[in-house]
Amino acid sequence: MGAPQSIEQSEPPLAPRAQGFRAKREYTMRIAMIGTGYVGLVTGTCFADLGHEVICVDNDAGKVERLRNGEIPIFEPGLEDMVKHNVRSKRLSFTTSYADAVPDCEAVFIAVGTPTKETDGSADLGAVYAVAKEIAKHLKGYTVVVDKSTVPVGTGAEVDAIIRAANPNAQFDVASNPEFLREGSAIDDFMKPDRVVVGLEGERPKQVMQALYRPITLHETPMIYTSRATAELTKYAANAFLATKVTFINEIADICERVGADVQDVSRGIGLDSRIGPKFLQAGAGFGGSCFPKDTLALTGTARKVGAPTLIVEAVMEANNERKRRMAKKIIAACGGDIKGKTLGILGVTFKPNTDDMRDAPSLDIIPLLQEAGANVRAYDPEGMEEARKYLDDIEWVKDAYSVMLDADALLVLTEWNEFRVLDFARIKSLLKKPLIIDLRNIYSLSEVATAGFVYHSVGRDIVLGDI
Ligand code: NAD
């Protein structure tokens, strides 16, 4: 049986130039990437690494200046070297000027933020539309305007209308190309994606997108071509599903704690079922980050607006909010029911390891609840402290993991950075006032902490070792 028509795994057709495009070499193209945040900087750099000429635009002049000086404004493993290499190779550059970047590009990507609107929880598309207006002024020759930001259905059509109104003579198409990379493994996710989803109409933009992604699709990555609306919705559906998976296993963890079961074995037991799959089944402190919270909220809003409410996703959001309150209660209970005046040493504040991103991190809910209950908080995060200072008050930030423990009443693990997995238990014990660890990421083995003589609370593993 052949593959569905819209999924292409075979080698894409040759030569945009043969189709009348202005590519400099057979497969390389000139691209502008508007927005150099977590997505724009990573995807722009990766496209450059694949051989394209990429000009990244950002309206944050300070950020552009730092990038020009070789300073990477975010933490993402492997990114700094890749940026430097491609800048040296003259395939990657940075500017604040649309006029320098947009004319004569085969593709202009929109990769600006789409945060939650305070007023109604929908996606704030202000930056996307502002970028569309700017792009319109500078289009020269046929260009595909590609939306990589996560946007609600209909945004691509609106971007199309904005550009058409501002520049009626422009030759362009608008495509939707949602990004599925994860912070912390963003380069690998971009270079070896499970699939590339592209929403567009017509052959001409398709040829451009095929040529752009050709180095990736040569490795048999499926390209899924669909309508713009479908591509836009696919991104929200993916994030809502993953958020549901995380929330589901967190609820199973709560049951495990009450019935004496082990959630990690349950995860393995269900995850090895190929219909379920093992990923996103680690019980923890609740999901956070720059995508799941805002995208579930935007999806449920859209769904209600079109008269097709997603009751499952609404429940997921509520359960996840409740989870963070529950985690604070769990910590207080583990500390004997009262944390007034106690010092809690916290390892990790970012929403996940290998990023400095603090957007919607569970720590932003959990730590203030602990402070409200009277605790003094001391914390360390390998990469997130500079960002975290902007969001969290009254924390004593320290320079390494062991420094959070000195005379602390308990040690809390909120983010599973690898360096926390290999800490020396004897040293931890000698530093803490009481040998109490509350691990919301299950990074330690029960037998090891037992041998080391800790009172240990984790998630979904009923066994509370020791007694304080
Ligand atoms: P970000 O906030 O890190 O970066 C956005 C960048 O756009 C900033 O550098 C900002 O200065 C710049 N910008 C804003 N307005 C601009 C304008 N008018 N002209 C030029 N630059 C402008 O955001 P992000 O995390 O990279 O996310 C971007 C989009 O990608 C969002 O829609 C997000 O939902 C989506 N996404 C994010 C991730 C992720 O892991 N962060 C993954 C997949 C998809």
Side-chain angles (χ1 to χ4, degrees), residues 32-46 55-67 72-77 79 94-102 108-117 122-138 145-152 155-156 159 162 176-190 193-194 196-197 231-232 234-240 242-243 287-299 350-361 387 390:
M33 183 65 64
I34 318 291
T36 46
Y38 287 86
V39 165
L41 186 56
V42 170
T43 56
T45 305
C46 287
I55 309 172
C56 292
V57 182
D58 206 287
N59 64 355
D60 179 339
K63 192 179 261 194
V64 169
E65 192 55 31
R66 286 171 72 187
L67 284 161
I72 310 301
I74 55 169
F75 175 76
E76 180 61 44
L79 187 59
F94 303 97
T95 182
T96 53
S97 162
Y98 284 75
D100 288 349
V102 172
V108 177
F109 281 79
I110 303 176
V112 294
T114 48
T116 299
K117 234 192 239 170
S122 64
D124 186 341
L125 300 172
V128 171
Y129 294 152
V131 168
K133 279 185 196 139
E134 283 303 313
I135 292 172
K137 291 182 201 162
H138 301 283
V145 177
V146 189
D147 179 31
K148 207 164 235 325
S149 297
T150 302
V151 292
T155 307
V159 166
I162 288 171
S176 164
N177 173 215
E179 183 50 56
F180 299 97
L181 62 76
R182 293 161 299 174
E183 288 172 20
S185 54
I187 291 177
D188 238 34
D189 288 348
F190 182 83
D194 292 333
V196 175
V197 175
E232 288 167 340
T234 301
K235 173 64 190 175
Y236 282 101
N239 274 358
L242 293 172
F287 64 74
S290 65
C291 293
F292 287 3
K294 84 170 171 64
D295 293 347
T296 46
L297 191 56
L299 178 66
T350 49
F351 83 96
K352 64 154 142 177
N354 296 323
T355 183
D356 57 351
D357 201 341
M358 283 298 297
R359 287 178 282 186
D360 275 315
E387 266 305 290
K390 299 177 192 163

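In this chain, numbering begins with 1 at the start of the sequence shown. Whatever order the structure lists them in is the order used to number ligands and atoms, beginning at 1.
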Please check: side-chain N/O of Lys294 versus main-chain N/O of Asp360, any donor-acceptor pairing under 3.5 Å?
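Checked: no pair found.
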Under 3.5 Å, is there a donor-acceptor pair between the side chain of Asp147 and the main chain of Gly156?
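The answer is no, because no donor-acceptor pair under 3.5 Å joins these two groups.
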Should you measure from each heavy atom of [X], which atoms of ligand 1 turn up under 4.0 Å away?
X: Val131; value: 17 (C), 18 (N), 19 (N)
X: Thr114; value: 31 (C), 32 (O), 34 (O)
X: Gly37; value: 1 (P), 3 (O), 4 (O), 6 (C), 9 (O), 26 (O)
X: Glu183; value: 39 (C), 40 (O), 41 (N)
X: Lys63; value: 8 (C), 9 (O)
X: Asp58; value: 6 (C), 7 (O), 8 (C), 9 (O), 10 (C), 11 (O), 12 (C), 20 (C), 21 (N)

Please determine whether any non-hydrogen atom of [X] lies less than 4.0 Å from an atom of ligand 1.
X: Lys294; answer: yes
X: Tyr98; answer: yes
X: Lys235; answer: yes

Please work out which of the three classes, parallel, tilted or perpendicular, describes the rings of Phe287 and Phe292, given edges at 30° and 60°.
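Aromatic pair Phe292/Phe287 classed perpendicular.
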Which pair of non-hydrogen atoms, one from Ala61 and one from Thr96, has the smallest distance, and what is that distance?
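Scanning both residues, the minimum pair turns out to be CA-CG2, 3.8 Å.
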Please classify the Ser149 to ligand 1 contact at 4.0 Å (heavy-atom distances, strictly less than): side chain, backbone, both or neither.
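Both backbone and side chain of Ser149 come within 4.0 Å of ligand 1.
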So, is Ile34 polar-close to ligand 1, with some N/O to N/O distance under 3.5 Å?
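For ligand 1, there is no N or O atom that lies under 3.5 Å from one belonging to Ile34.
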Looking at side-chain heavy atoms only, is the closest gap between Val128 and Val112 below 4.5 Å?
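Yes, at least one pair of side-chain atoms sits under 4.5 Å.
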What I'd like to find out is whether the side chain of Phe109 reaches to under 4.5 Å of the side chain of Asn177, using heavy atoms alone.
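Yes - at least one pair of side-chain heavy atoms lies under 4.5 Å apart.
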